[in-house]
Engineer: 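Quick one: this structure, given as structure tokens, is what I'll be asking you about.
Keep in mind it's a predicted model, so treat the numbers as computed, not measured.
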Amino acid sequence: MAFSRLYDGPEPSRINKWLGQTGVCSRREADALIADGLVSIDGAVVTDAGRKIEPGQTLTLSDRAETALAAGVTIVMHKPLGYVSGQPEPDKIPAVRLLTEANRIGEGPVPAADASLPPIGRLDEDSRGLLLLSSDGVVAKAVIGPESDLDKEYLVRVAGDVTEKKLKILRHGLMLDGRQLRPAYVSRMESFRLKFILREGRNRQIRRMCAMVDLDVIDLIRVRIGPLKLDNLPEGHWRMLTAEERAALLG
């Protein structure tokens, strides 16, 4: 089945930029797919590389596009604070800068400096933890595709009065950008430490959810994506995804 995803950004975005930010493919790969007629918006094939997608529109990649993106590698990283997961602004540091031999755990080649390894899903500059960088379109679809059912687990330290009423609202009662959030698993581990398990990844979702119930996020770390755990991977280090882990992500 072809890859299809609804664009829920606040304003129009160039197709290649959005695909790069969401980890589906690099901008250059997106331009090539458009040139080959493999991208459509709301059922109409896109022919202009500069085309923007509007909020509420659905982008679809053809089966042939998915085949072209399928082969690739996937990096498992423990992203520290201060690094951005995707294409950075001029004054930001991308997480791919950490892909050096000194930071590698285990065996495997160090990706070339110009390798296309977009992030699979968001992890903000002020958040840390498990981040996947990949050129494997099949893995990207399994993790962030519209039919993905993989949950993501976060440990969150907050400031404010944590009450059962607020926890109940966090689990069931919030809307973002005019859309109802899917139910979330939220539990208190310690007085000011919460566990979130989400099945979606809206922009800065946990921080915005907490702000709506007067809680400030002090620290946020992602510790699991589906069956893949951060475990004891040191902060700032990376390793290659194993074949067994890839198979587990694909379900």
Side-chain angles (χ1 to χ4, degrees), residues 2-34 38-62 65-66 69 79 83-96 116-127 131-135 137 139-152 154 174-184 196 198-212 217 220 222 225:
F3 174 92
S4 184
R5 188 168 186 183
L6 176 72
Y7 176 61
D8 63 356
E11 57 187 30
S13 175
R14 284 180 63 114
I15 293 173
N16 62 0
K17 178 181 179 181
W18 181 52
L19 288 176
Q21 289 176 334
T22 54
V24 175
C25 62
S26 70
R27 295 190 186 194
R28 284 178 293 179
E29 288 170 331
D31 289 339
L33 295 177
I34 291 172
L38 305 181
V39 179
S40 62
I41 292 180
D42 288 346
V45 174
V46 176
T47 57
D48 177 10
R51 170 77 179 275
K52 292 185 177 182
I53 186 168
E54 305 278 344
Q57 291 184 322
T58 298
L59 180 143
T60 301
L61 300 181
S62 70
E66 288 194 82
L69 295 173
K79 187 190 85 67
Y83 289 80
V84 295
S85 54
Q87 186 70 22
E89 299 297 328
D91 59 338
K92 304 297 183 180
I93 307 174
V96 292
S116 175
L117 288 168
I120 301 181
R122 301 182 177 101
L123 193 60
D124 300 318
E125 181 181 9
D126 47 1
S127 301
L131 175 66
L132 298 180
L133 303 169
S134 181
S135 58
V139 170
K141 180 178 179 181
V143 176
I144 61 173
E147 297 181 1
S148 174
D149 200 38
L150 293 181
D151 56 11
K152 289 85 175 176
Y154 304 81
L174 292 174
M175 295 184 66
L176 286 181
D177 304 322
R179 290 174 52 200
Q180 185 75 36
L181 293 174
R182 298 174 68 177
F196 280 72
L198 306 179
R199 291 187 179 274
E200 59 188 329
R202 309 282 290 280
N203 185 28
R204 298 181 68 81
Q205 178 172 338
I206 291 177
R207 295 178 186 276
R208 295 166 69 190
M209 290 171 67
C210 288
M212 289 180 178
V217 173
L220 187 155
R222 181 161 63 198
I225 298 174

Engineer: Who passes side chain to side chain contact (heavy atoms under 4.5 Å, CB included) against P183, sequence neighbours left out?
Structural biologist: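 Only H172 meet the side chain to side chain contact (heavy atoms under 4.5 Å, CB included) criterion with P183.
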
Engineer: With heavy-atom distances below 4.5 Å as the criterion, would you say the side chains of L38 and L61 are in contact?
Structural biologist: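 A side-chain contact is absent here, since even the closest heavy-atom pair is not under 4.5 Å.
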
Engineer: Between I41 and V46, what is the shortest heavy-atom contact and its length?
Structural biologist: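 Looking at all heavy atoms of both residues, the shortest contact is CG1-CG2, 3.7 Å.
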
Engineer: Would the distance check show the side chain of S40 and the main-chain N or O of V45 forming a donor-acceptor pair, the cut-off being under 3.5 Å?
Structural biologist: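 No, because the side chain of S40 does not come within donor-acceptor range (under 3.5 Å) of the backbone of V45.
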
Engineer: Report the C-alpha separation of L220 and I206 in whole Å, then their side-chain angles, then the decisive distance to 0.1 Å, and conclude whether the side chain to side chain contact (heavy atoms under 4.5 Å, CB included) test is met.
Structural biologist: CA-CA 9 Å; L220 187 155; I206 291 177; 3.8 Å; yes

Engineer: E54: which residues meet the side chain to side chain donor-acceptor pair (under 3.5 Å) condition with it, sequence neighbours left out?
Structural biologist: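 Listed in chain order: nothing, the list is empty.
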
Engineer: Do you know the tightest heavy-atom contact between L131 and P119?
Structural biologist: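 Closest heavy-atom pair between L131 and P119: CD1-CB, 4.2 Å.
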
Engineer: Sequence neighbours excluded, which residues qualify as salt bridge (Lys or Arg N to Asp or Glu O under 4.0 Å) partners of R14?
Structural biologist: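 R14 satisfies salt bridge (Lys or Arg N to Asp or Glu O under 4.0 Å) with no residue once adjacent residues are dropped.
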
Engineer: Considering residues at least two apart in sequence or located in another chain, which fulfil the side chain to side chain contact (heavy atoms under 4.5 Å, CB included) criterion with L181?
Structural biologist: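 Applying side chain to side chain contact (heavy atoms under 4.5 Å, CB included) to L181 gives L174, L176, E200, R202, Q205, M209.
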
Engineer: So, are K79 and D124 salt-bridged, with charged N and O less than 4.0 Å apart?
Structural biologist: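 Result for this pair is no, no salt bridge flagged.
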
Engineer: Please report the shortest heavy-atom distance between P55 and P12, naming the atom on each side.
Structural biologist: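 Nearest heavy atoms, P55 then P12: CD-N, 4.0 Å.
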
Engineer: Going by the rule side chain to side chain donor-acceptor pair (under 3.5 Å), which residues pair with R208 if we only count those two or more places apart in sequence or in a different chain?
Structural biologist: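 So R208 forms a side chain to side chain donor-acceptor pair (under 3.5 Å) with D177.
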
Engineer: Would you say R204 and S127 are linked by a side-chain donor-acceptor pair, where the criterion is simply a distance under 3.5 Å?
Structural biologist: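 No.
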
Engineer: Mind checking whether L59 and I15 have side chains closer than 4.5 Å, heavy atoms only?
Structural biologist: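 SC-SC contact between L59 and I15 confirmed.
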
Engineer: Hey, what do you get for CG (L33) to CG (L19), rounding to the nearest 0.5 Å?
Structural biologist: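 Interatomic distance, L33 CG to L19 CG, rounded to 0.5 Å: 8.0 Å.
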
Engineer: Suppose we screen for side chain to side chain donor-acceptor pair (under 3.5 Å). Which residues come up paired with Y154, at least two apart in sequence or across chains?
Structural biologist: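 Expected list: R222.
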
Engineer: Under the rule for side chain to side chain contact (heavy atoms under 4.5 Å, CB included), what residues qualify as partners of R199, not counting sequence neighbours?
Structural biologist: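 Here the qualifying residues are D149, D151, R182.
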
Engineer: Please name the pair of heavy atoms, one in V143 and one in K152, separated by the smallest distance, quoted to 0.1 Å.
Structural biologist: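 Smallest interatomic distance, heavy atoms only, reads O-NZ, 3.1 Å.
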
Engineer: Testing the basics here: between E125 and V84, what is the closest heavy-atom pair and its distance to 0.1 Å?
Structural biologist: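 Closest approach of E125 to V84, heavy atoms only: CB-CG1, 3.8 Å.
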
Engineer: Mind checking side chain to side chain contact (heavy atoms under 4.5 Å, CB included) for T58 and listing every partner two or more places apart, or none if nothing turns up?
Structural biologist: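 Listed in chain order: S4, L6, D42, T60.
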
Engineer: Grab the two heavy atoms, one from L117 and one from S135, that are nearest each other, plus how far apart they are.
Structural biologist: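 Taking L117 first and S135 second, the nearest heavy atoms are CD2-N, 3.8 Å.
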
Engineer: With Y7, which residues qualify under ring pair (Phe, Tyr, Trp, His ring centres under 6.0 Å), at least two apart?
Structural biologist: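 Ring pair (Phe, Tyr, Trp, His ring centres under 6.0 Å) list for Y7, sorted by chain: W18.
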
Engineer: Rounded to the nearest 0.5 Å, how far does CD of Q57 lie from CZ of R5?
Structural biologist: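 The CD atom of Q57 is 15.5 Å from CZ of R5, to the nearest 0.5 Å.
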
Engineer: Apply side chain to side chain donor-acceptor pair (under 3.5 Å) to S85 and list each qualifying residue two or more places apart in sequence or on a separate chain.
Structural biologist: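 Partners of S85 by the side chain to side chain donor-acceptor pair (under 3.5 Å) criterion come out as none, since no residue qualifies.
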
